[in-house]
Every structure is written in structure tokens, then in C-alpha cells.
Colleague: 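One structure, as C-alpha cells, below. Some questions next.
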Amino acid sequence: MKRTHTCGELRSSDLGREVCLQGWVRFSRDHGGVAFIDLADRYGITQVVFDPEDLPEGTDAESVSGAMRTFTRESVVSISGTVRERVEGTEDSRNPTGRVEVLITSAELLNRSRSPPFELGDQKEGVLPNEETRLKYRYLDLRRTEMVRSMEFRSRLVHLARQYLEKSGFLDIETPVLARTSPEGARDYIVPSRVHPGAFYALPQSPQLFKQMLMVASMDRYYQVARCFRDEDSRKDRQPEFTQLDMEMSFVDEKDIQDTVEALMAHIWMGIYSEELDIPFQRIGYREAMERFGSDKPDTRYGLEFVSLTDTVRDAPYEIFRKIISSGGIVSGINVKASLAGDRAVGRNEVDRYIQYAKKAGLGGLTWMRCEDGVLKSNITKYFTPEILEGIKRNLGAEEGDLVFLIAGPWKPTLEGGGLLRRKIAEDLDMIPEGRHSFLWIVDCPMFEIDPVSGKHDAFHHPFVLPTGPPGSENVGGACFDIVMDGNELGSGSLRIHDPAVQREVFRILGMSEEKIERDFGYFLEALSYGAPPHGGIAIGIDRFVSILLGKDTIREVIAFPKNKKAQSLLDEAPSKVDDEKLEELQIMSVAIDDFFDESDEEGE
RNA sequence: GCCCUGGUAGUGUAGCGGCCUAUCAUGAAGCCCUGUCGAGGCUUCGACACGGAUUCGAAUUCCGUCCAGGGCGCCA
């Protein structure tokens with residue numbers, strides 16, 4: 001018999017209906033006579049009851065109870081019966097189907113399940129097995145309601161994005177997964193070519209060049225839910241393969257792209273939360289973000305901002321600051337208000353912990369002062385004049401009991417370290433509002449990042465960003481911008497270079513030889529030379545977006561089959577050794593030592 | 001490559017160098033039970049990641065290895 005309803009469907013309005021349900025036995029409760037099964041599928045859970053005192057006509061009680069005895073946990077079963085109201089007082093208000101139950105008249109085991117390696121019930125928050133076990137049995141882990149909801153949410157979000165983009169004239173165009181290796185950027189995953197021994201494809205780190213060439217091809221507006229591959233070490237928000245909502249548009253400026261993304265986000269927001277999203281997003285310049293928040297992806301949902309004190313302490317007879325400032329460094333301060341700390345007094349022990357943390361965060365040290373009796377006090381205030389101390393106090397708005405930290409050193413590492421410290425303090429003091437989200441744009445980025453020692457230029461974003469001035473000029477900016485959500489980089493976009501001469505010049509500045517430029521990017525420069533329109537675009541990290549919205553700690557929670565920290569899939573045990581014959585065919589010889597593989601990999605060879 | 005944290009029955013956990021033949025829960029197997037819903041009751045089963053060292057004695061201390069996670073580097 002075919003199922004007539006899902007396990008999340010039946011309501012009081014279905015009373016008396018003859019139904020067939022098929023699903024998984026989540027829990028069963030046999031009371032010696034009356035017996036219950038919680039039958040689950042993706043849609044919900046419905047209670048099935050066997051009641052020997054209320055056997056509907058035509059029920060073969062022996063056969064039903066016999067079948068039910070074979071229903072082990074997580075077995076797939078098919079049951080038929082009549083929808084009836086639950087006995088008064090036994091309704092389950094937590095379950096949408098909780099007012100009804102199915103009085104069973106026939107039961108069939110479709111596929112028996114072995115006893116699962118861990119429990120799949122919902123309510124057991126905090127007793128999940130460790131992630132290793134979850135990933136090994138991911139098909140069971142995904143059966144859990146929480147994971148089903150995550151997958152549904154992700155699907156819904158991607159659908160809303162597609163819906164908006166299609167409506168806005170974007171074309172979904174697929175780009176190759178087998179592509180050319182790119183010389184810059186992350187390490188590539190490479191794929192050998194059988195037809196061309198010794199030559200390799202690379203899996204794309206992003207569809208960057210293809211989408212630009214689609215603009216050359218007059219496609220105007222492109223999008224793709226694109227898988228990207230980067231062979232770099234994992235983090236909780238980084239996987240070897242991940243998904244981007246990739247977009248590109250012709251004849252646009254930066255604001256056009258940002259407007260489009262804001263409207264897209266608003267559409268998604270409305271679709272998911274039935275709420276207007278507050279647009280446009282705040283725009284903060286890169287330098288300002290660094291100087292106020294110590295981050296190029298600041299979380300602005302809480303204060304705790306840095307204030308520059310370089311000028312304030314410039315004349316202080318404090319040798320450490322003097323040296324730093326005279327060599328071009330900065331001094332900046334942050335005020336931990338006494339009122340923020342609340343009950344959690346930030347005492348000497350905590351200050352010492354922050355000093356340790358600061359050192360780990362790359363800061364040379366951490367200076368602290370506390371506002372007591374109207375003045376800043378600490379072990380080093382003797383190196384400052386009362387006027388300078390008053391200046392620090394005023395600039396930071398320090399009041400009685402407040403604790404201020406001063407960081408000092410070269411601009412970037414000092415502010416970055418300060419940003420880590422800022423986040424640490426905010427976490428410790430519970431200042432981060434969970435469940436509230438904030439978007440912002442980081443704009444006005446530099447084109448290049450220059451190594452202070454070697455003078456080597458690196459692209460701040462990537463080499464295809466349109467410089468805002470002559471690429472060779474000092475401190476040239478790039479027409480690029482990041483979208484930041486709750487302190488996470490969600491995506492990054494830019495206008496692109498469409499003039500092949502400019503593109504060539506940028507490659508040169510990045511230190512590439514003419515030969516290398518020609519070999520690696522000749523085809524692309526040629527494409528630009530055939531009437532490439534002004535264009536630009538952005539890519540949004542889907543995994544990160546979904547995980548932030550769902551409040552998950554890692555993107556693995558929103559990826560059906562993620563890899564572990566060592567880039568392995570515990571489920572199918574990829575990567576694996578390949579048969580020698582396959583390698584021979586590809587004319588590949590491995591120099592890896594066999595011992596690298598454990599015994600289970602050696603079997604079957 | 002480096003740093004940090006952790007590894008006890010299938011799962012989640014307790015476990016001051018001797019009270020450990022290792023706790024509790026869940027699970028599994030069996031029995032009992034006619035309104036539960038993570039049902040309940042009784043019985044049974046089942047573990048100190050691996051190797052070395054210290055010690056009269058190690059789950060516990062130390063060293064190494066392996067495994068997992070977080071971070072640094074890396075991620076144009």
C-alpha cells in the first residue's frame with residue numbers, strides 16, 4: 001500500500017480518515033497491551049497506537065502485534081489505520097500532530113534497521129556523540145530533526161536567492177569544474193588528464209575568470225550557486241570545498257552591485273523571517289574599520305571601540321610609546337566600562353589574562369590603567385604627565401571604575417591584535433547579542449598590500465580588481481568591497497579591470513614576468529581585448545551565511561557531507577589510494593610512503 | 001609546519017597514585033506491564049586510544065605515537 005500522508009501531516013481535521021503512513025520508528029513504547037510507535041519522517045512525528053481493547057473491524061491483531069515486535073528502532077515501516085482523537089488528557093501540545101493518533105490496523109516491516117550507533121531523538125540537547133561519530137554515520141546524523149531543519153533552511157535560502165536573481169534578469173550559467181590551474185591564490189586541487197599525460201586540470205577556487213569572460217560574452221548578468229575548491233587547511237568556517245552565490249554584472253558601478261545584494265538580502269529576509277531588512281547597509285572605510293574595531297570584518301553590534309591616542313601620548317616621557325611613535329607606529333585605547341563588567345569585576349587577574357592574550361594576539365604588550373578617584377592609575381602612570389593622563393581619560397571617556405587598555409605598535413598588526421582583544425573582552429563580558437544580526441559594507445580598500453620589508457606587492461583582494469587610479473601610483477585604491485555580517489566576512493566583490501593594458505600592468509606590479517603573464521593569463525588578456533564591458537560582481541559564501549543565520553558554530557552543521565579538519569570524509573573515507581592500474585593509465589607515480597595509509601586502506605589491493 | 005584542548009562500554013559521562021573486579025545514564029538482549037510520548041519496573045551485557053617510562057602499585061603522573069576539535073601560518 002502506498003502512503004497517503006507524511007508523518008507531519010495529520011490533524012484533528014483528518015479524524016476518521018483511513019491512512020497509510022511510512023517512516024522510521026523513532027521510539028516505541030509497549031505497555032504490555034496498548035503499544036505506541038512514534039513514526040518519524042522528514043516532515044514530523046505521528047503517534048501510532050495498537051489498542052487491543054479497540055480493534056477496528058478486520059484487524060488481524062496477531063499479525064499486527066507480531067509485526068510490531070520486529071520494529072526495531074529506526075527501522076522503516078509501513079502502517080495503516082484510522083485517524084482518531086487522542087484520549088483526553090494525553091494530547092501532546094509540543095507536536096503539531098499531537099492531538100491525533102493512528103489506530104493501527106495493519107503493519108509491515110519494510111526494512112529493518114540495525115541498532116543505531118547513537119540516539120536520534122530530538123530533546124537530547126548536549127548528548128550528541130562527538131563529531132567524528134556523527135560524520136562517519138552522517139546519513140543517520142542527518143536524520144535528526146535539527147539537521148533536517150538545517151537542510152530545509154539552506155534549501156529555502158538558496159531558492160529565495162535564485163528567485164530574486166531570476167526575477168532580476170540574472171542567468172544561471174554553469175562554469176567548468178575542470179579548469180586551468182591558477183598561479184596566484186590558494187593551493188589548487190589538481191586533476192590529472194589521461195589524454196594529456198603530465199598535464200592537469202585544477203578545480204576552480206572560484207569561477208572568477210569564467211564569469212568575467214561571460215561578461216565579455218555579453219551575458220550581462222550572471223549568477224551561479226557555485227562549488228569552489230581550495231586546498232588549504234580547514235577552519236570552523238572553511239572547508240576544502242564550499243559554495244558561493246556567485247554573481248557578475250556589466251555596465252555597473254560599485255553601488256549598483258551593493259544595491260543588488262542589499263535587495264537580494266532583503267528578499268531572502270522577507271522570505272524567511274517575513275520582516276523588512278534594514279537597508280542600505282552601513283558603509284565603513286577599510287582604514288576606519290581597522291582603527292575603530294581592529295578588524296576588516298568588524299562586529300559592530302557592540303561598542304568597545306578603539307580611539308587613537310597617538311597624538312595624545314606623543315610627548316609622554318614613556319620610552320616604549322616614544323620609540324613606537326617615532327618609527328611610525330600608533331597608540332590606541334579602548335575603554336572597558338565598569339558598567340559593562342557588571343558583577344564580573346575585571347580585576348588584576350583578568351587584566352593579567354588579557355595581557356597574556358594580547359601577547360598571543362601578536363601585540364608587543366598591553367598597557368592598562370584604571371580610573372580611580374577621578375584619575376587614571378596603574379603601575380606605569382608615573383611615566384605620563386597629569387595632562388597626558390587627563391587627555392587619555394577624556395579621549396576614552398573614562399569614568400570612575402573604568403578600565404582602559406592601550407595598545408601600541410605598527411599600524412596593522414597592532415590594530416589586528418587589538419581587534420582580537422576586543423572580541424575576547426566582548427565574549428567574556430557577554431556583550432555580543434545573539435540572534436540579532438547586522439550587515440555592513442567595508443569599502444575603500446587598498447589595491448595592494450605591500451610587504452614593509454621586501455616591498456613585494458600582493459593583491460589586497462585579487463589581481464582583477466579595478467584600481468581607482470593608475471595602478472603604479474602610491475597607495476592606489478581598489479574598487480573592491482566586502483560584505484560583513486556579525487563580524488564574519490560573508491562575501492567580497494569588486495569592479496573588475498576590463499582594459500587588458502591595465503590588467504597587464506597589475507600583473508607586472510605583482511611581480512609576474514611577461515612570460516608568466518602570457519602563459520597563465522594570455523587567454524584572459526586576449527578575451528579582455530575583444531570588447532570587454534566594464535563589469536563587476538560579488539560572491540557570497542552560502543555556507544557561512546546559512547550557519548550564521550542558524551546560529552551554528554561551524555559551517556559543517558549546514559553542509560550535508562562535510563570534511564573533517566584534515567580534509568577527509570569520514571563517511572566514504574576519501575581521499576583514498578587509487579589502484580596502480582589507474583595511476584599507470586594516467587602516467588602518475590606516487591612517491592608517498594605506503595605507511596602513510598593505515599591498514600584498512602591497504603585491504604583489497 | 002607550529003600552538004592549545006581533549007580521548008573511559010554502541011552513545012554521553014563519573015572517577016583526590018591504593019578505596020577500580022571502574023560510577024551513573026542511555027542503549028542492546030530478556031522478562032513484566034492496557035494511555036504512553038526521551039514511558040515505567042526487574043535482570044543481563046558492555047569501556048580506561050596505542051606504546052614506553054616512573055612507582056611496591058597508574059584510568060589517574062611523565063614521554064612518544066595515533067585520533068578529534070579550536071587556533072597560528074596558509075586562505076590572491
Side-chain angles (χ1 to χ4, degrees), chain A residues 26-40 45-55 65 72-74 84 86-95 97-98 101 103 114-137 140-141 182-188 205-206 208-209 228-240 242 357 360-362 416-417 420 424 447-449 456-465 478 480 489 492 494 506-507 510-512 520 541 553-554 556 564-566 568 570 595-596 598:
Chain A
R26 188 61 30 93
F27 301 109
S28 58
R29 300 173 287 281
D30 183 351
H31 288 243
V34 64
F36 303 93
I37 293 171
D38 285 344
L39 196 64
I45 295 186
T46 299
Q47 174 164 289
V48 176
V49 60
F50 173 76
D51 189 345
E53 290 202 339
D54 191 3
L55 294 171
S65 64
T72 56
R73 230 175 242 233
E74 294 305 322
R84 75 170 184 190
R86 290 200 190 181
V87 173
E88 188 163 353
T90 65
E91 303 91 348
D92 183 359
S93 58
R94 295 162 301 179
N95 189 342
T97 67
E101 62 191 4
L103 184 61
R114 297 168 59 186
S115 176
F118 54 92
E119 290 149 58
L120 308 187
D122 303 333
Q123 299 93 326
K124 306 200 169 188
E125 199 72 40
V127 290
L128 276 177
N130 73 38
E131 207 176 345
E132 197 177 352
T133 308
R134 292 177 57 201
L135 291 180
K136 180 173 180 192
Y137 300 98
L140 293 178
D141 188 41
S182 57
E184 305 267 319
R187 212 172 284 119
D188 284 323
Q205 296 175 27
S206 82
Q208 183 65 33
L209 295 178
C228 305
F229 305 86
R230 295 181 191 170
D231 185 3
E232 297 294 349
D233 288 345
S234 299
R235 290 288 185 280
K236 62 180 176 178
D237 63 349
R238 265 165 41 190
Q239 281 271 301
F242 58 99
Y357 183 83
K360 275 197 288 184
E416 279 178 341
L420 295 176
K424 172 79 174 151
M447 181 71 198
F448 300 108
E449 206 158 20
K456 186 173 177 294
H457 284 57
D458 272 323
F460 188 80
H461 272 72
H462 59 59
F464 313 104
V465 170
C480 52
E489 184 191 320
S492 133
S494 63
V506 168
F507 286 146
L510 292 172
M512 296 171 64
D520 288 330
D553 289 333
T554 92
R556 297 188 297 274
N564 70 2
K565 190 165 169 78
K566 286 194 179 160
Q568 297 162 306
L570 265 20
D595 294 352
F596 173 78
D598 66 30

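Quick note on labels: first sequence line is chain A, next is B, and so on, each numbered from 1.
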Colleague: Counting primed atoms plus P, OP1 and OP2 as sugar-phosphate and everything else as base, spell out the protein contacts along nucleotides 69-76 of chain B at 4.0 Å heavy-atom distance: B, S or - for each nucleotide, 5' to 3'.
Modeller: SBBBBBBB
Colleague: A/R84 has an atom CZ; how far is it from atom P of B/U36, in whole Å?
Modeller: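 So the CZ-P distance, A/R84 to B/U36, works out to 13 Å.
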Colleague: Identify whether any heavy atom of A/D51 sits under 4.0 Å from a base atom; if not, whether one sits that close to sugar-phosphate; answer base, sugar-phosphate or nothing.
Modeller: base
Colleague: Could you tell me how far apart A/D30 (CG) and B/A28 (P) are, to the nearest whole angstrom?
Modeller: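 Answer to the nearest Å: 14 Å.
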Colleague: Tell me the interatomic distance from A/D141, atom CG, to B/U11, atom P, rounded to whole angstroms.
Modeller: 14 Å
Colleague: Distances under 3.5 Å between protein N/O atoms and the N/O atoms of nucleotides 2-10 of chain B, please, pair by pair.
Modeller:
unit_1	atom_1	unit_2	atom_2	d
B/G10	O2'	A/P117	O	2.8
B/G10	N2	A/E119	OE2	3.2

Colleague: I'd like to know if the side chain of A/D188 and the backbone of A/S182 have a donor-acceptor N/O pair within less than 3.5 Å.
Modeller: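 Confirmed, A/D188 side chain pairs with A/S182 backbone.
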Colleague: Can you tell me how far C1' of B/C37 sits from CZ of A/F50, to the nearest Å?
Modeller: 18 Å
Colleague: For a side-chain contact (heavy atoms from CB on, under 4.5 Å) with A/L103, tell me which candidate from A/D54, A/V48, A/L55 qualifies.
Modeller: A/D54
Colleague: With a centroid cutoff of 5.5 Å and a plane-angle limit of 30°, would you call A/H31 stacked on B/A39?
Modeller: yes
Colleague: Pairing check on B/G17: which nucleotide meets the Watson-Crick or G-U wobble criteria with it, both distances under 3.5 Å?
Modeller: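 Paired with no nucleotide.
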Colleague: Inspect the contact between A/D237 and A/R235 and indicate whether a charged nitrogen and a carboxylate oxygen are less than 4.0 angstrom apart.
Modeller: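 Salt bridge flag = no for A/D237 with A/R235.
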Colleague: Taking the C1' atom in each of B/C67 and B/G51, what is the distance between them to the nearest angstrom?
Modeller: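 It comes out at 15 Å once rounded to the nearest Å.
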Colleague: Take atom CG of A/D38 and atom P of B/C37, then tell me their distance rounded to the nearest Å.
Modeller: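 Taking CG of A/D38 and P of B/C37, I get 10 Å after rounding.
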Colleague: Mind checking the P distance from B/G70 to B/U61? Whole angstroms is fine.
Modeller: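 One P to the other, the span is 25 Å.
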Colleague: Taking atom C1' in both B/U13 and B/A25, what distance in whole Å separates the two?
Modeller: 8 Å
Colleague: Quantified in whole Å, what is the P atom distance between nucleotide B/A14 and nucleotide B/G7?
Modeller: 9 Å
Colleague: Considering only the P atoms, how many Å lie between B/A9 and B/C24, rounded to the nearest integer?
Modeller: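 Between the two P atoms, the distance is 16 Å.
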Colleague: Need one value for A/E132: base, sugar-phosphate or nothing, where a base atom within 4.0 Å counts as base even if backbone is also close, heavy atoms only.
Modeller: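 Sugar-phosphate contact only - A/E132 comes under 4.0 Å of backbone atoms but never of a base.
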Colleague: So what does A/E489 hit on the nucleic acid, given a heavy-atom distance under 4.0 Å: a base, only sugar-phosphate, or nothing?
Modeller: nothing
Colleague: Looking at B/C31, which nucleotide sits across from it as a Watson-Crick or G-U wobble partner, both distances under 3.5 angstrom, or is there none?
Modeller: B/G41
Colleague: Quick check: closest heavy atoms across A/P129 and A/T133, and the distance to 0.1 Å?
Modeller: CB-CB, 4.0 Å
Colleague: Round to the nearest Å and state the distance from A/Q47 atom CD to B/G38 atom P.
Modeller: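 Going from CD in A/Q47 over to P in B/G38 covers 10 Å.
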Colleague: Please check if the side chain of A/R556 supplies one atom and the backbone of A/N564 the other of a donor-acceptor pair under 3.5 Å.
Modeller: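 Side chain of A/R556 to backbone of A/N564, a donor-acceptor pair under 3.5 Å: no, none is there.
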Colleague: Which residue in the set A/R26, A/R73, A/R29 passes salt bridge (Lys or Arg N to Asp or Glu O under 4.0 Å) when paired with A/D38?
Modeller: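 Going through the options one by one, the only one that passes is A/R29.
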Colleague: Has A/R29 got a side-chain N or O lying under 4.0 Å from the OP1 or OP2 atom of B/U36?
Modeller: no
Colleague: Can you tell me the pairing partner of B/C74 across any strand shown, Watson-Crick or G-U wobble, with both distances under 3.5 angstrom?
Modeller: none
Colleague: Can you measure from OG1 (A/T72) to CZ (A/R114) and round to the nearest 0.5 angstrom?
Modeller: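 Output value for this atom pair is 11.0 Å.
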Colleague: So, taking the atom named CZ in A/F464 and the one named OG in A/S494, what distance separates them when rounded to the nearest 0.5 Å?
Modeller: 10.0 Å
Colleague: Name the nucleic acid region contacted by A/Q568, choosing base, sugar-phosphate or nothing; use a 4.0 angstrom heavy-atom cut-off, strictly under.
Modeller: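 Answer is sugar-phosphate: A/Q568 comes under 4.0 Å of backbone atoms only.
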Colleague: Are side-chain heavy atoms of A/I45 and A/F27 found at a separation under 4.5 Å?
Modeller: no
Colleague: Provide the Watson-Crick or G-U wobble partner of B/U5, both distances under 3.5 Å; none if there is no partner.
Modeller: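 By the stated definition (distances under 3.5 Å), B/A68 pairs with B/U5.
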Colleague: Just to confirm, is there a sub-4.0 Å distance from OP1 or OP2 of B/C37 to any side-chain nitrogen or oxygen of A/R86?
Modeller: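 A/R86 to B/C37 OP1/OP2: no side-chain N or O under 4.0 Å.
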Colleague: Pick the nucleotide of RNA chain B nearest each of A/T133 and A/V34; which residue has the one closer to the 5' end?
Modeller: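 Per heavy-atom nearest nucleotide, the more 5' residue is A/T133.
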Colleague: Rounding to a whole Å, what distance do you find between A/R114:CZ and B/U11:C1'?
Modeller: 15 Å
Colleague: With both distances under 3.5 angstrom, what nucleotide forms a Watson-Crick or G-U wobble pair with B/G46?
Modeller: none
Colleague: What heavy-atom pair brings A/S206 and A/C228 nearest, and what distance separates the two atoms?
Modeller: CA-SG, 3.8 Å
Colleague: Give a yes or no answer on whether the side chain of A/E232 reaches the backbone of A/R187 with a donor-acceptor pair at less than 3.5 Å.
Modeller: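 Indeed, once roles are kept as given, a pair shorter than 3.5 Å links the two residues.
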Colleague: In whole Å, what separates the C1' atom of B/G46 from that of B/U11?
Modeller: 12 Å
Colleague: Main chain of A/G185, side chain of A/Q205: is a donor-acceptor contact present, judged purely on distance under 3.5 Å?
Modeller: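 Such a contact is absent between A/Q205 side chain and A/G185 backbone.
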Colleague: Any donor-acceptor pair under 3.5 Å joining the side chain of A/E101 to the base of B/G35?
Modeller: yes
Colleague: Expressed as a whole number of angstroms, how long is the span from A/R94:CZ to B/U36:P?
Modeller: 13 Å
Colleague: Using Watson-Crick or G-U wobble geometry with both distances under 3.5 Å, which nucleotide pairs with B/A53?
Modeller: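 When the pairing criteria are applied, B/U61 turns out to be the nucleotide that pairs with B/A53.
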